[in-house]
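Reading through the structure tokens given below for one structure.
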Amino acid sequence: MGEKKGFFKRLVSGLAKTRDNIVSGIDSIFNGFSSIDEDFYEELEEILIMGDLGIHATMKIIEDLKAKVKENHIKEPAECKQLLIDSIKEQMSIGDTAYEFENRTSVVLVIGVNGVGKTTTVGKLAGKLREEGKKVVLAAADTFRAAAGEQLTEWARRADAYMIGGQEGADPAAIVYDAVQAAKARKADVLLCDTAGRLHNKKNLMEELKKINRIIDREFPEAYRETLVVLDGTTGQNALAQAREFKEAADITGIVLTKLDGTAKGGIAVAIQAELGIPVKYIGVGEHIEDLQKFDPDEFVNALFATEE
């Protein structure tokens, strides 16, 4: 549990800017209003939206809060805080089957634009799965970024995973084909594919993902499928826009939110889940392998409000 405890600490410090952005404003409302009225809710709404929680999530949270206030006959704004925290947590629950792919023979596609930490995420995931004793094959199918292959080779070495591909300019679908054969031959538990994410040319991206998916469907129909999009938490609403576009191009099953350390836009984790109905499954708060962890909504919101666990 040491690693987890350490992660909570890093998450708390990583979310400091987001906390300043959201929580100080909320506290001033709780302390500044003497009664719970429309003005109170409006101010609260504004702060949540400004804090990157998004309009959709904010409306739901406020609605939920109003119901709870009524139900519990609460009159004092200060007594609302815990209810607000609970409402935010409820917005973010991710369901019981979120990590099903870890228990099955599975293929995990990881997509995301350059610069979001996609290849690093694939490497860290490989390391985590290896720590759980899983056999991992990596497909370096992001062949448009010169350094991606080298970078993944290094992660594969660290994680003791078998890697296919990595030649710049090679056909991504052909690499995935080879990797599927390797995964089957080696009886791998998880095939992790680092795939392209050139969103500026969505038609090409869609075609490529379709091609890759067809190959997996045909060659490895028994495999459980997971498609994760990696987003850079520091980009806030832009990350949400990217997620929306990727959702049009592929059947996204989860989000990995990186670079949450030091961003004022950590509230975007709440927005993505509420606006797109896609759960955030992993979050990253730094460079090291233990800095990528499964997303725990309770822990996240506690860290956001820095309430003791």
Side-chain angles (χ1 to χ4, degrees), residues 6-26 46-58 88 91-92 94 110-125 142 145 147-148 151 155 194-200 205 228-247 252 254-276 278-297 299-306:
F7 183 72
F8 182 73
K9 268 209 176 97
R10 290 198 300 282
L11 187 56
V12 169
S13 67
L15 288 173
K17 281 188 186 163
T18 301
R19 199 161 43 245
D20 294 345
N21 192 7
I22 301 176
V23 179
S24 52
I26 284 175
E46 192 174 320
I47 280 188
L48 294 176
I49 290 171
M50 294 298 288
D52 278 294
L53 273 78
I55 294 179
H56 200 75
T58 298
I88 295 175
Q91 274 301 305
M92 305 189 72
I94 61 175
V110 185
I111 56 185
V113 300
N114 286 343
V116 295
K118 175 170 61 81
T119 300
T120 309
T121 296
V122 174
K124 288 178 183 174
L125 267 180
D142 181 356
R145 189 164 71 80
Q151 205 182 345
W155 277 107
D194 183 9
T195 60
R198 297 172 322 289
L199 250 187
H200 57 266
L205 175 73
L228 302 173
V229 169
V230 183
L231 300 169
D232 175 343
T234 61
T235 63
Q237 293 297 315
N238 192 18
L240 181 62
Q242 279 179 21
R244 205 173 265 124
E245 294 205 29
F246 277 122
K247 194 181 175 184
I252 307 301
I255 303 284
V256 182
L257 208 50
T258 62
K259 308 187 191 185
L260 280 181
D261 43 326
T263 174
K265 299 177 186 292
I268 201 66
V270 187
I272 286 168
Q273 201 123 320
E275 309 255 332
L276 300 179
I278 302 172
V280 174
K281 293 194 179 182
Y282 295 90
I283 51 173
V285 293
E287 290 307 302
H288 302 287
I289 192 160
E290 65 276 7
D291 292 331
L292 181 76
Q293 293 278 355
K294 285 181 180 166
F295 181 71
D296 176 337
E299 182 180 71
F300 181 83
V301 179
N302 287 346
L304 192 54
F305 286 87

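Note: hydrogens, waters and symmetry copies are ignored here, and every other heavy atom, side chains too, is used. In this chain, numbering begins with 1 at the start of the sequence shown.
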Just list the side-chain donor-acceptor pairs under 3.5 Å for residues 259-272, sequence neighbours left out, or say none.
unit_1 : atom_1 : unit_2 : atom_2 : d
Lys259 : NZ     : Gly115 : O      : 2.7
Thr263 : OG1    : Lys265 : N      : 2.9

Going through the checks in order, is the side chain to side chain contact (heavy atoms under 4.5 Å, CB included) test met by Ile111 and Ile252?
CA-CA 9 Å; Ile111 56 185; Ile252 307 301; 3.8 Å; yes
Under 4.5 Å between any side-chain heavy atoms of Leu231 and Val116, yes or no?
no
Taking every heavy atom of Trp155 against every heavy atom of Thr120, the minimum-distance pair comes out as CZ2-CG2, 3.5 Å
Looking only at atom types and distance, does a side-chain atom of Gln91 sit under 3.5 Å from a main-chain N or O of Ala274, one as donor and one as acceptor?
no
Stepwise, does the side chain to side chain contact (heavy atoms under 4.5 Å, CB included) test hold for Ile22 with Leu53?
CA-CA 10 Å; Ile22 301 176; Leu53 273 78; 3.5 Å; yes
Working note: Gln293 + Glu299, criterion side chain to side chain contact (heavy atoms under 4.5 Å, CB included); need CA distance, chi angles, decisive distance, verdict.
CA-CA 11 Å; Gln293 293 278 355; Glu299 182 180 71; 5.9 Å; no
Option from Thr195, Asn114, Val122 for which side chain to side chain contact (heavy atoms under 4.5 Å, CB included) with Asp142 holds
Asn114
Option passing side chain to side chain contact (heavy atoms under 4.5 Å, CB included) with Phe305 (candidates Val12, Ile88, Leu15)
Ile88
Considering non-hydrogen atoms only, spot the tightest contact between Asp52 and Gly236 and give its length.
OD1-CA, 4.2 Å
Leu11 and Ala303 have their tightest heavy-atom pair at CG-CB, 3.8 Å
Under 4.5 Å between any side-chain heavy atoms of Val280 and Met92, yes or no?
no
How long is the gap from CD on Glu245 to CG on Leu205, to the nearest 0.5 Å?
9.5 Å
Any donor and acceptor pair, going by atom type alone, linking the side chain of Lys247 with main-chain N or O of Leu276 inside 3.5 Å?
yes
With side chain to side chain contact (heavy atoms under 4.5 Å, CB included) as the criterion, how do Gln237 and Leu240 come out once you've worked through the C-alpha distance, each side chain's angles and the decisive distance to 0.1 Å?
CA-CA 5 Å; Gln237 293 297 315; Leu240 181 62; 3.6 Å; yes
Member of Tyr282, Phe8, Phe295 meeting the ring pair (Phe, Tyr, Trp, His ring centres under 6.0 Å) criterion with Phe300
Phe295
Excluding sequence neighbours, so at least two apart, what forms side-chain hydrogen bond (donor to acceptor under 3.5 Å, both in side chains) with Lys124?
none
If you define the side chain from C-beta out and look only at heavy atoms, does anything of Val256 sit under 4.5 Å from Leu292?
yes
Rounded to the nearest 0.5 Å, what separates atom CD1 in Ile278 from atom CD in Gln273?
9.5 Å
side-chain hydrogen bond (donor to acceptor under 3.5 Å, both in side chains) partners of Lys17, counting only residues at least two apart
none
For residues Lys118 and Asp194, report the shortest heavy-atom separation together with the two atoms involved.
NZ-OD1, 2.6 Å
Rounding to 0.5 Å, atoms CD1 (Ile55) and CG (Leu48) come to a distance of 12.0 Å
